[in-house]
Amino acid sequence: MKKIFLFLLIVSSLFAHKINLFVTNEENGVNIYSYFASGDPCKNCKLIIKNGENIILEDTLDEKGKYLFSSKYEEIEITIDANGGHIVKQDVLVENIKNESLQNHLKKEEDDQHIKILISLFLIAGIFYALKKLKRKN
């Protein structure tokens with residue numbers, strides 16, 4: 001039981017430093033926004049944009065975790081590096097970028113997070129219920 005609890009604790013802490021990447025076509029360009037699972041922006045994180053194997057741009061995100069890029073390429077690969085092994089990559093077809101506002105995206109993600117928490121709580125309750133039933137049989 002202690003091992004299961006310790007395992008769940010370790011796994012949940014792994015997501016604390018997860019980097020998210022949101023790309024949209026606001027402001028007549030490729031608008032890049034990167035943030036951690038906590039919602040904090042990825043301040044001054046390294047940004048690399050490639051077309052195939054060619055590096056088009058190497059720069060850093062601003063204090064809000066944002067960068068506006070005007071692309072003349074149809075396909076690009078966006079990489080955000082926050083050091084310490086925290087990297088996120090996304091292949092983007094520039095003409096197919098969704099036109100969604102950042103606020104709507106963050107709201108959806110927050111709602112998804114709430115659903116994941118509820119599912120996790122039900123799973124934990126189910127595990128404890130099953131363990132209680134097994135213990136009664138023995």
Side-chain angles (χ1 to χ4, degrees):
M1 181 62 131
K2 291 179 185 177
K3 290 180 182 179
I4 293 172
F5 179 72
L6 183 61
F7 175 74
L8 291 174
L9 184 65
I10 290 171
V11 170
S12 66
S13 69
L14 291 176
F15 291 105
H17 298 289
K18 179 183 175 227
I19 299 177
N20 297 305
L21 177 60
F22 176 66
V23 181
T24 185
N25 64 356
E26 294 178 30
E27 303 173 27
N28 297 326
V30 178
N31 195 357
I32 300 165
Y33 178 63
S34 184
Y35 54 98
F36 294 99
S38 65
D40 296 332
C42 192
K43 298 177 183 177
N44 302 317
C45 292
K46 185 176 181 181
L47 167 68
I48 300 171
I49 298 178
K50 292 182 179 181
N51 177 263
E53 293 299 315
N54 302 323
I55 295 176
I56 302 168
L57 174 76
E58 262 188 89
D59 206 348
T60 56
L61 301 176
D62 65 10
E63 290 295 318
K64 296 179 182 177
K66 294 183 179 183
Y67 195 91
L68 181 60
F69 175 71
S70 296
S71 179
K72 61 182 179 181
Y73 301 96
E74 291 181 19
E75 295 180 31
I76 57 175
E77 176 188 85
I78 301 170
T79 304
I80 306 294
D81 185 356
N83 295 325
H86 304 295
I87 298 174
V88 64
K89 291 183 181 183
Q90 184 174 337
D91 292 325
V92 175
L93 286 171
V94 175
E95 61 189 34
N96 291 340
I97 297 175
K98 54 190 163 202
N99 190 9
E100 178 183 13
S101 74
L102 179 59
Q103 288 74 24
N104 287 342
H105 174 74
L106 292 175
K107 175 72 173 135
K108 284 181 190 175
E109 195 162 286
E110 184 179 321
D111 292 343
D112 289 347
Q113 186 70 15
H114 292 228
I115 291 170
K116 289 177 186 176
I117 289 170
L118 285 174
I119 291 171
S120 299
L121 290 173
F122 281 118
L123 286 174
I124 290 169
I127 289 170
F128 281 116
Y129 180 76
L131 289 173
K132 185 176 180 181
K133 288 289 187 184
L134 285 173
K135 195 171 184 178
R136 282 188 182 172
K137 286 183 180 182
N138 295 331

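This is a predicted model, so every value here is computed, not measured.
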[X] to [Y] - nearest heavy-atom pair and separation:
| X | Y | result |
| --- | --- | --- |
| I19 | H86 | CD1-O, 3.1 Å |
| Y33 | K64 | CE1-O, 2.9 Å |
| A82 | C45 | CB-SG, 3.7 Å |
| N44 | E63 | ND2-OE2, 2.8 Å |

side-chain contact (heavy atoms from CB on, under 4.5 Å) between I76 and K50, intermediate numbers included: CA-CA 5 Å; I76 57 175; K50 292 182 179 181; over 6 Å; no

Apply side-chain contact (heavy atoms from CB on, under 4.5 Å) to the pair F36 and N20, showing each step before the final yes or no. CA-CA 6 Å; F36 294 99; N20 297 305; over 6 Å; no

To the nearest 0.5 Å, what is the distance between [atom1] ([X]) and [atom2] ([Y])?
| X | Y | atom1 | atom2 | answer |
| --- | --- | --- | --- | --- |
| I48 | I56 | CD1 | CD1 | 12.0 Å |
| L21 | Y35 | CG | OH | 8.5 Å |
| I78 | L57 | CD1 | CG | 10.0 Å |
| D81 | L61 | CG | CG | 10.5 Å |
| I49 | E77 | CD1 | CD | 10.5 Å |
| D62 | C42 | CG | SG | 11.0 Å |

Can you hop from L123 to I115 via hydrophobic side chains spaced under 4.5 Å?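 Yes.
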
Give the cluster check for Y73 versus V30: same hydrophobic cluster or not, with ILVMFWY residues linked at side-chain heavy-atom distances below 4.5 Å. yes

Does a sphere of radius 6.0 Å around CD in E58 hold more than 12 heavy atoms from other residues, nucleotides or ligands, not counting ones at 6.0 Å or beyond? yes

Ring centres under 6.0 angstrom apart (F69, Y67):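 Centroid separation for F69 and Y67: 6.0 Å or greater.
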
Chi angles and distances behind the side-chain contact (heavy atoms from CB on, under 4.5 Å) call for I80, L47: CA-CA 5 Å; I80 306 294; L47 167 68; 3.5 Å; yes

